Each structure stands twice: as structure tokens, then as C-alpha cells.
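So you know, we letter chains A, B, ... as the sequences are listed, proteins then strands, and number each from 1. Every value quoted in this text rests on a predicted model; they were computed, and no experiment measured them.
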Protein chains: 2
Amino acid sequence: MKLSTKGRYGLKAMFELALNDGKGPIPLRNIADNQNISEHYLEQLISVLKKGNLVNSVRGSKGGYMLTKPPSKITVGEIIRALEGDIAPSDCVLDTKHNNCIKEGYCATKPVWEKIRDSINEVIDSITLADMVEDQRKFKKQGLYV
Amino acid sequence: MKLSTKGRYGLKAMFELALNDGKGPIPLRNIADNQNISEHYLEQLISVLKKGNLVNSVRGSKGGYMLTKPPSKITVGEIIRALEGDIAPSDCVLDTKHNNCIKEGYCATKPVWEKIRDSINEVIDSITLADMVEDQRKFKKQGLYV
DNA sequence: TGAAATCCAAGTAAGTTACTAGGATTTAAG
DNA sequence: CTTAAATCCTAGTAACTTACTTGGATTTCA
């Protein structure tokens, strides 16, 4: 039940873009350096986010990436689903696929996987990038950061 | 964010044991046949559950496995954690380990992983094997099964 | 023209998953 | 006392996934 680096790095990158929202295109290099991630690898992740219409890019010198929408309109759920696919603790509760359970009729474990799936989705769909930025701002205001 | 077959098969096996609770030891062979799982593989999983004190075994002919506690006292969470380890979408929110995040100070993604972790745990700790048995019983009473 | 950046496709080492193989041991029943 | 049914135990392993790396081609600003 772990997210892969796709989802984890991807959210970090999107958070950085949210922090710099409105400042024009941000080069991947900066994000990769800030977050200690291989730039080439991050490239692959952000390309998925671009296909998912969550970021735009500007090529060439002075280019970079920017969010397609204000941070308050982008949820963690959109980001994670773009990178990792639909959330499902078991394939049999993937919304997209039709039920591929071998069992005919009732399966006792399926409702469990559905509840887990739904609760994860509820959490990640309720958090926006703006929330994350705000939480960091609040934290730093308290002078609790190192 | 998928469970491995450990957690999925393991819960199915434990559910079968719950269904047959009080009927003496149930051989793994039956469960493996019922659920279409390799018996040898299931052996390995149930051995973990035994170490986790969730099942007892009786060796020899007429032997098998049985729950150590009534189904109402065994949660899905205990089973999944025994087989898959602590739930954590990212290692940095594993309760057991100390914070192994490279970042000093505030990390914006950590609260997200914590919320996901907590919501999953809340779900799986709130469902007992007895609940699963009851849900199946209700379903079958409605005559909806094949 | 050069540097900075995105874009793109392929390869790959290491790790994980989901088993299989091959037995040793224990126990009830005939 | 033998046999069959079962748990117990340790290795091995093919296939897959992960988390990258390599090596460029292309675009754009200055």
C-alpha cells in the first residue's frame, strides 16, 4: 500500500509549482535541485502531468512549467490519479475496469476494498495545492521551521 | 497503492476461517480450493498470521487452522498489518520508523500522507471478520446471490 | 550562435512479487 | 504399524515493476 515515487515526487513538484504560481514558467532543474530528484526522471513524470492537463510548458531558454489552473482548483487526487492511475487496493474495485473477479455472486472482501478505496479518494480529493501552500505558510508563521 | 496478494489472499483465508468458526480445525486445502489460491503459497501467508497470533493450528490428519479469537474480535486491520506491515503511502509516515525524510523542517507532502494513512487505518480497524460474515449473511438472505 | 530549456525513446540494474519445488514432521484412523 | 492427511520449513526462481540512466533532438531567448 505504498505510493511509488511517481506519485510522491509528482506531488512535490506540483507543490513547488503552486508555490511559484504566477511567476512565469519554472524550469524543472530548479524543482529537481530543491527536492533532490533526478531531473531526467522528473521530466518523465511531468510529461504525464502535462498529458493530464495539469501543467503547461514553455520550451527554450527561460522556459519551464506552470500550473494550468490556480492551486485552489487542483486537488492532490487529480495529481496522484494522473501519475499512478485510479486508486484501488485490489483490481476488482477499479472503477474503470469491469469486475474481473473470478468469484461469481457475492465476494466478502470486495466491500472492504471499496471502503478503503473510497476513503482514500475522499481524502485526496479534499486537499488542494492551495491548502498545502496555506498549511506551509501557517507553519512558517509560527516560527516552527528550522 | 495496491495491496499485494498477501493481504488479499490472507483476508479471504481469514474470512473462510471466520465462516467456519467453532467447527474445529479447517485444512488449508479446503480454503485454497474454495478461493482458487495455491495451497503452498497460502501456507506461507497463514504461517505469518500464526506468528501474529491470529490463527492456531492443529498438525496431523484431521488437522488444520482456526481463529485464536472470535471473529468479532479480529479486525481487517490486524490481518492486513500482519501480512503487509504497517500501512503507509510513504515511508516517511511509517509509525515504527523514525522520520527518515531528507528534508529538514517542514515537508508539505507529509501531512497528506499522514491523512491517507490515518483514513485507511480507520477503515480497516473498524471492520471485523464478524462484520464480513454478517454482511454476507444479509446479502444471501435477500436472495441476491447467484 | 550559444546556452538553457523542453521533448522523446530506449535501455537497465536492482528489487519485489507470486509463486513452485521438495521435502520433514506430526497425527488420526484403519 | 502403516498409511494418508495434514502442518511445517527452506530454497529457488521467472516475471514483473521500479526508479532510474543514457543519449540525444528540438525550441527559444539573448
Side-chain angles (χ1 to χ4, degrees), chain A residues 1-13 16-17 20 23-52 54-68 80 83-85 88-91 102, chain B residues 1-13 16-17 20 23-52 54-68 80 83-85 88-91 102:
Chain A
M1 286 296 283
K2 240 181 73 178
L3 284 171
S4 70
T5 52
K6 288 181 202 167
R8 287 183 282 128
Y9 293 177
L11 182 57
K12 278 169 190 264
E16 289 269 328
L17 291 182
N20 293 287
K23 298 186 190 164
I26 309 295
L28 221 47
R29 187 70 206 270
N30 296 10
I31 299 176
D33 284 353
N34 270 356
Q35 303 280 351
N36 254 0
I37 303 172
S38 144
E39 189 186 342
H40 251 334
Y41 185 48
L42 200 50
E43 237 175 49
Q44 290 167 32
L45 307 187
I46 207 136
S47 127
V48 175
L49 293 169
K50 205 189 160 187
K51 276 173 199 148
L54 295 170
V55 300
N56 283 327
S57 65
V58 177
R59 298 190 69 172
S61 184
K62 302 277 166 184
Y65 295 90
M66 52 226 280
L67 302 177
T68 54
I80 289 180
L83 289 161
E84 308 248 355
S90 171
D91 281 344
I102 310 146
Chain B
M1 288 294 285
K2 240 180 72 177
L3 284 171
S4 70
T5 51
K6 287 181 202 167
R8 286 183 283 128
Y9 293 177
L11 181 57
K12 277 170 191 262
E16 290 269 328
L17 290 182
N20 293 288
K23 298 184 190 164
I26 310 294
L28 221 47
R29 186 71 205 270
N30 296 8
I31 298 176
D33 284 353
N34 270 357
Q35 303 280 352
N36 253 2
I37 302 172
S38 145
E39 189 186 341
H40 248 336
Y41 185 47
L42 200 49
E43 235 174 51
Q44 290 166 33
L45 307 187
I46 208 136
S47 127
V48 175
L49 293 169
K50 204 188 159 187
K51 276 173 200 146
L54 294 170
V55 300
N56 282 328
S57 65
V58 178
R59 298 189 70 172
S61 183
K62 302 277 167 185
Y65 295 90
M66 51 226 279
L67 303 177
T68 55
I80 290 179
L83 290 162
E84 309 248 354
S90 172
D91 281 344
I102 310 146

| said: Using only atom types and a distance under 3.5 Å, with no angle test, would you say the side chain of A/Q35 pairs donor to acceptor with the backbone of A/Y9? | reply: no
| request: Output the single nucleotide from D/dT21, C/dT6, C/dA18 whose closest atom is nearest the side chain of A/S38. | output: D/dT21
| query | How far apart are the closest heavy atoms of B/K62 and B/P25, and which atoms are they? | reply | O-CG, 3.5 Å
| said: Quick check: on DNA chain D, is the nucleotide nearest B/P27 upstream (toward 5') of the one nearest A/S4, or the reverse? Name the residue that is more 5'. | reply: B/P27
| Value in whole Å for how far the P atom of D/dA19 lies from CG of A/L83 | 12 Å
| query | To the nearest Å, how far apart are A/K51 NZ and C/dT6 C1'? | reply | 13 Å
| Under 4.0 Å between a side-chain N or O of A/K6 and OP1 or OP2 of D/dT17? | no
| said: What is the separation between atom CD1 on A/I37 and atom P on D/dC20, rounded to the nearest whole Å? | reply: 9 Å
| field | Interatomic distance where OH belongs to B/Y41 and C1' belongs to C/dT16 [whole Å] | value | 11 Å
| Reading nucleotides 23-30 of chain C 5' to 3', which nucleotides get B (base under 4.0 Å from a protein heavy atom), which S (sugar-phosphate only), which -? | B-BBBS--
| query | Atom CG of A/N56 to atom P of C/dA5: distance rounded to whole Å? | reply | 18 Å
| task | Looking at every strand, decide which applies to B/K2 at a 4.0 Å heavy-atom threshold: base, sugar-phosphate, or nothing. | result | nothing
| C/dT20 P sits how many Å from B/L42 CG, rounded? | 12 Å
| Does B/Q44 make a side-chain donor-acceptor contact with the base of C/dC19, cut-off 3.5 Å? | yes
| field | Heavy-atom side-chain proximity of B/M1 to A/M1 below 4.5 angstrom | value | yes
| note | Sorted by chain and residue number, the salt bridge (Lys or Arg N to Asp or Glu O under 4.0 Å) partners of B/K6 (sequence neighbours excluded) come out as none
| task | Mark yes or no for a side-chain to base donor-acceptor pair under 3.5 Å between B/E39 and D/dT7, with no hydrogen or angle criteria applied. | result | no
| d(CG, A/L3; C1', C/dT16) in whole Å | 17 Å
| B/K12 NZ to C/dA18 P, straight-line distance once rounded to whole Å | 14 Å
| message | A side-chain contact here means heavy atoms from C-beta on lying under 4.5 Å apart; do A/T5 and A/Y41 qualify? | response | yes
| request: Could you tell me whether A/L28 contacts a base, only the sugar-phosphate backbone, or nothing, with contacts defined as non-hydrogen atoms closer than 4.0 Å? | output: sugar-phosphate
| Does the B/T68 side chain pair with the main chain of B/N56, one donor and one acceptor, at a distance under 3.5 Å? | no
| message | Strictly below 4.0 Å: does B/S57 bring a side-chain N or O up to OP1 or OP2 of D/dC8? | response | yes
| query | Among B/L17, B/V58, B/I26, which one satisfies side-chain contact (heavy atoms from CB on, under 4.5 Å) with B/M66? | reply | B/V58
| query | Does a nitrogen or oxygen in the side chain of B/Y9 sit under 4.0 Å from OP1 or OP2 of C/dT17? | reply | no
